[in-house]
Amino acid sequence: MNDQAPLSREDRVKNLKGIGSERKRVEDARFTQGKGNYVDDINLPGMLFGDFVRSPYGHARIKSIDKEAALAVPGVVAVLTAEDLKPLNLHYMPTLAGDVQAVLADEKVLFQSQEVAFVIAEDRYIAADAVELVEVDYEELPALTDAFKALDEDAPLLREDIKDKMEGAHGPRKHHNHIFLWEEGDKDGTEKALSDAEVVAEELITYQRVHPCPLETCGCVASMDKINGKLTLWGTFQAPHAVRTVASLITNIAEHNIRVVSPDIGGGFGNKVGVYPGYICAAVASIVTGVPVKWVEDRMENLTATAFARDYHMTGKIAATKDGKITGLWCHVLADHGAFDACADPTKFPAGFFHIVTGSYDIPVAYVGVDGVYTNKAPGGVAYRCSFRVTEAAYLIERMIEILALKLDMDPVELRMKNFIRKEQFPYQSALGWEYDSGDYHTAMEKGMAAVEYDALRKEQAENRAAFDRGETRTLMGVGTAFFTEIVGAGPVKNCDILGLGMFDSCEIRIHPTGSAIARLGTISQGQGHATTFAQILATEIGIPAEDITLEEGDTDTAPYGLGTYGSRSTPVAGAATAMAGRKIRAKAQMIAAYLLEVHEGDLEWDVDRFQIKGNPEAHKTMKELAFASYNQAIPGLEPGLEAVSYYDPPNMTYPFGAYFCVVDVDVDTGVVDIRRFYALDDCGTRINPMIIEGQVHGGLTEALAIAMGQHITYDEGGNVHGGSLMDFFLPTAVETPVWETDYTTTPSPHHPIGAKGVGESPNVGGVPAFSNAVHDAFAHKGLTHTQMPHDHWRVWQTAQKLGLTD
Ligand code: PCD
Ligand SMILES: [Cu+]
């Protein structure tokens, strides 16, 4: 039937570059040549530039704002303040967490670097100069930066705008700085397990405030076309469709008259999920002036004013029998949300998926309570490479396991193995309400232990400790383990939505007559390589080579509605939508093939890139032939074309997992931690592109290293933010990064059409506790139970000193 020499089946498979193939990233040709198209590359005729006047105080009353001197600068077009936004009712904007956030400070500033006025000028530099000339008269107020003091009786009142609102978005507020109390699990049952227990370990574990710090900062270009009534927003948006809906709701511009485009994005890591004042101000400025307005923040603005992550003070209590069977887990979190609750979580979950805190263990009873509080710090609370507070939960349970092991005088790996959910228990119902889809923890752990030669490491460590005590060495060896269970793929619409928008995702496919295709998705890549991997899913599903499939994301005028890319949801949700849309294409192609081959549909079988008659593979129609046929009267009366769309609402989340090992040598006299070895075994179900997975794991481990060993955004008592520039915020380079050893097992998700789970966030979730456990393990025999991250040289040296180990 084909004129060209037929390819072998093996070659046909290879040609597709489908699921499982190490296809090279198609995006990299443009990225490595500097040909990416980022927000700041967008330059429109007559475009103006905006820049912010920001608060130097953590907490202060604004007595007056004098714009005169700034407006007198040639090239300055306007200076916006809250007073200008009030008539438009845009001085506050809704946050993703059910709170409101000031777009421009209204009478008060609540954190250092808060947006106070927006200067619009003919170029970026004039705007920056004029910012210096806006005179704001402040009256300083006492700053609240210690979350533990937020609910004190005499704590300063931060949010005057909601001071009388005692019913918050997530239930009653018990104090003027209280946001919510969110609880899950069986409190009484857990307390009973604790009081009945033979052994209880308890600890306060803080996961410090950090920041995702993507290479490209946040920004946008707003362009109001007054003739056609269309507003276009190009921006660093991880969720372009949600931005369009929110923009329509708050500006009253009809949704079809708003186009939101996310061009290339230089890393997101959760930082680009939320809506920032800069977006609103640029849009208002363009609507008012009728010309395009660009706003792009600088590094310090990004670090001090856009969404932070973590800042969780977690108290854990874990109950067990003497021989190490865990009988209960209790935790309370004091969550520091900063000045506005702008956490990016599914709406019903004010603490995200923190209740995955029982981890990989079969714990019969558990309870969590989370109190959210306001402080004079920047708002945010985004995932930063972990789906919705999962890294916090994994850190807590993986530290508690080590602390319990110490108490029991048991090897921590043995304790884990003893309590793992067993393979035959899946699907597993956790005490805090999750249904884990699939897992095989013992196999993964055993594979990891064999790879790192765990027993030999412990033996070497015993020798090292003896040598240290004899004074023969000044370094202590630490072996850190972490076994994590992630929860990604938000999510089932029945329990996950953002501002009422169900968290499904979508894919639309159009096959061209000559057998190539375009697929459009509701997600948006920030570097993950979706154009490469989603084409691979389709290649396998519809038999068209990945090379012949264009992937398009991020333009709301063309892409079907989707909830965007964060929380490692693209593969579990949009990846599933892609496979399902592909299957619809294949079903129509099968009808056409049956007609052309004059057989019943049931007599056909799918083979790589074609339908063939069962038992007679010579009689077949390739997908390419079927595509062409579909554009004519393939079947009389059948509508022409080959197109499909799928909106996929996943029945459950996916639960990737992994076993990580870290070996360190700690110099007690300098506090320098040398990472000798890091081994990461990940199980993300069916692997679409092993090379991309490896890159994802490398990136995530590097960020885990950054968090565990150095990142920290702190505030002093005056409300001044520290760690707001790359002078003192740790961003590791290749120099600080060890060699990563990666490995895998494959336990497919039973409910995902191709069995895939997410992977992008896993290395952060597993990496942070692995590093931290390794540092703690080095000192464990000297009586160290727990110290706070980050484990920078200074803190590690202090620990050594406290333990009396330094000279
Ligand atoms: N099994 C499997 C899975 C997966 N994969 C691949 O891998 C990646 C990833 O995926 P996932 O996991 O699904 O995810 P997504 O959704 O896509 O993404 C997201 C993530 O991603 C990560 N990674 C990355 N990379 C880059 N380059 N950049 C960036 O930015 C980033 N970010 C980060 C984050 S943070 Mo969040 O937002 O925090 O929530 S979340 C996140 C893609 O491409 C895919 O396809 C494969 O292959 N296989
Ligand atoms: Cu998170």
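Start at 1 and go down the list; that is how both ligands and their atoms are numbered.
- Shortest contact from atom 45 (O) of ligand 1 to any protein heavy atom: Thr533 OG1, 2.7 Å.
- Counting protein heavy atoms only, atom 39 (O) of ligand 1 is closest to Gly567 N, 2.6 Å.
- The heavy atom nearest to atom 47 (O) of ligand 1, out of those in Asn689, Thr746, Ile692, is found in Asn689.
- Taking all heavy atoms of Gly695, Ala574, Gly527 into account, the minimum distance to atom 27 (N) of ligand 1 is reached by Gly527.
- Tyr566 does not carry Lys272 over the face of its six-membered ring by the limits of under 6.0 Å from the centre and within 45° of the normal.
- No hydrogens or angles considered: a donor-acceptor pair under 3.5 Å links the side chains of Asp683 and Thr747.
- A donor-acceptor contact shorter than 3.5 Å is absent between the side chain of Arg23 and the backbone of Ile692.
- The heavy atom nearest to atom 48 (N) of ligand 1, considering only Asn271, Thr391, Thr565, Ile688, is found in Ile688.
- In terms of protein heavy atoms, atom 44 (C) of ligand 1 is closest to Thr571 OG1, 3.4 Å.
- Counting only heavy atoms of the protein, atom 29 (C) of ligand 1 lies nearest to Phe269 CE2, 3.2 Å.
- In terms of polar-atom proximity, defined here as any N/O pair under 3.5 Å, Ile693 makes no such contact with ligand 1.
- Only the backbone of Tyr384 comes within 4.0 Å of ligand 1, counting heavy atoms alone; no side-chain atom from C-beta on gets that close.
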Q.
side chain to side chain contact (heavy atoms under 4.5 Å, CB included) for Glu761 and Val390? Distances and angles first, verdict last.
A. CA-CA 9 Å; Glu761 305 180 314; Val390 176; over 6 Å; no
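- Within 6.0 Å of CE in Met691 there are more than 12 heavy atoms belonging to other residues, nucleotides or ligands.
- No part of Thr523 comes within 4.0 Å of ligand 1, judged by heavy-atom distances.
- Set against the non-hydrogen atoms of Tyr566, the atoms of ligand 1 under 4.0 Å away are 37 (O), 39 (O), 40 (S).
- Close contacts between ligand 1 and Gly267 involve ligand atoms 30 (O) [criterion: under 4.0 Å to a heavy atom].
- Every atom of ligand 1 is numbered from 1 in the order shown, and the set under 4.0 Å from a heavy atom of Ser570 is 13 (O), 15 (P), 16 (O), 17 (O).
- Thr565 pairs with exactly one of Ser262, Ser525, Ser570 by the side-chain hydrogen bond (donor to acceptor under 3.5 Å, both in side chains) rule, that one being Ser570.
- Heavy-atom proximity to Thr686, at under 4.0 Å, picks out these atoms of ligand 1: 1 (N), 2 (C).
- Using modelled atom types, one side-chain atom of Glu27 and one backbone atom of Ala531 make a donor-acceptor pair closer than 3.5 Å.
- Judged by distance alone, with hydrogens and angles left aside, the side-chain atoms of Glu703 form no donor-acceptor pair with the main-chain N or O of Gly700 at under 3.5 Å.
- Taking atom 41 (C) of ligand 1 as the reference point, the nearest protein heavy-atom neighbour is Glu761 CG, 4.0 Å.
- If you look at Arg569 next to ligand 1, the close heavy atoms, those under 4.0 Å, all belong to the backbone.
- Taking all heavy atoms of His698, Gln526, Gln696, Glu486 into account, the minimum distance to atom 24 (C) of ligand 1 is reached by Gln696.
- When all heavy atoms are compared, the tightest approach of Leu499 to Thr347 is N-OG1, 2.8 Å.
- Side-chain atoms of Thr217 do not come within 3.5 Å of backbone N or O of Arg299 as any donor-acceptor pair.
- Here Lys757 has backbone heavy atoms under 4.0 Å from ligand 1, and that is the only part of it that gets that close.
- For atom 37 (O) of ligand 1, the closest heavy atom belonging to the protein is Gly270 N, 2.8 Å.
- By the 30° and 60° cut-offs, the orientation of the rings of Tyr655 relative to Tyr436 is parallel.
- To the nearest 0.5 angstrom, Gln696 atom CD is 10.5 Å from Asp682 atom CG.
- Interface atoms of ligand 1 facing Ala383, defined by a heavy-atom separation under 4.0 Å, are 38 (O), 39 (O).
- For Gly699, the heavy-atom gap to ligand 1 stays at 4.0 angstrom or more.
- Looking only at heavy atoms of the protein, atom 19 (C) of ligand 1 is closest to Gln528 NE2, 3.4 Å.
- The main-chain N or O of Lys757 is never found under 3.5 Å from a side-chain atom of Thr571 such that the two would form a donor-acceptor pair.
- Closest protein heavy atom to atom 30 (O) of ligand 1: Gly268 N, 2.7 Å.
- In terms of modelled atom types and a separation under 3.5 Å, the side chain of Arg569 and the main chain of Ala490 share a donor-acceptor contact.
- Contacts of Val759 with ligand 1, taken as heavy-atom pairs under 4.0 Å, involve both backbone and side chain.
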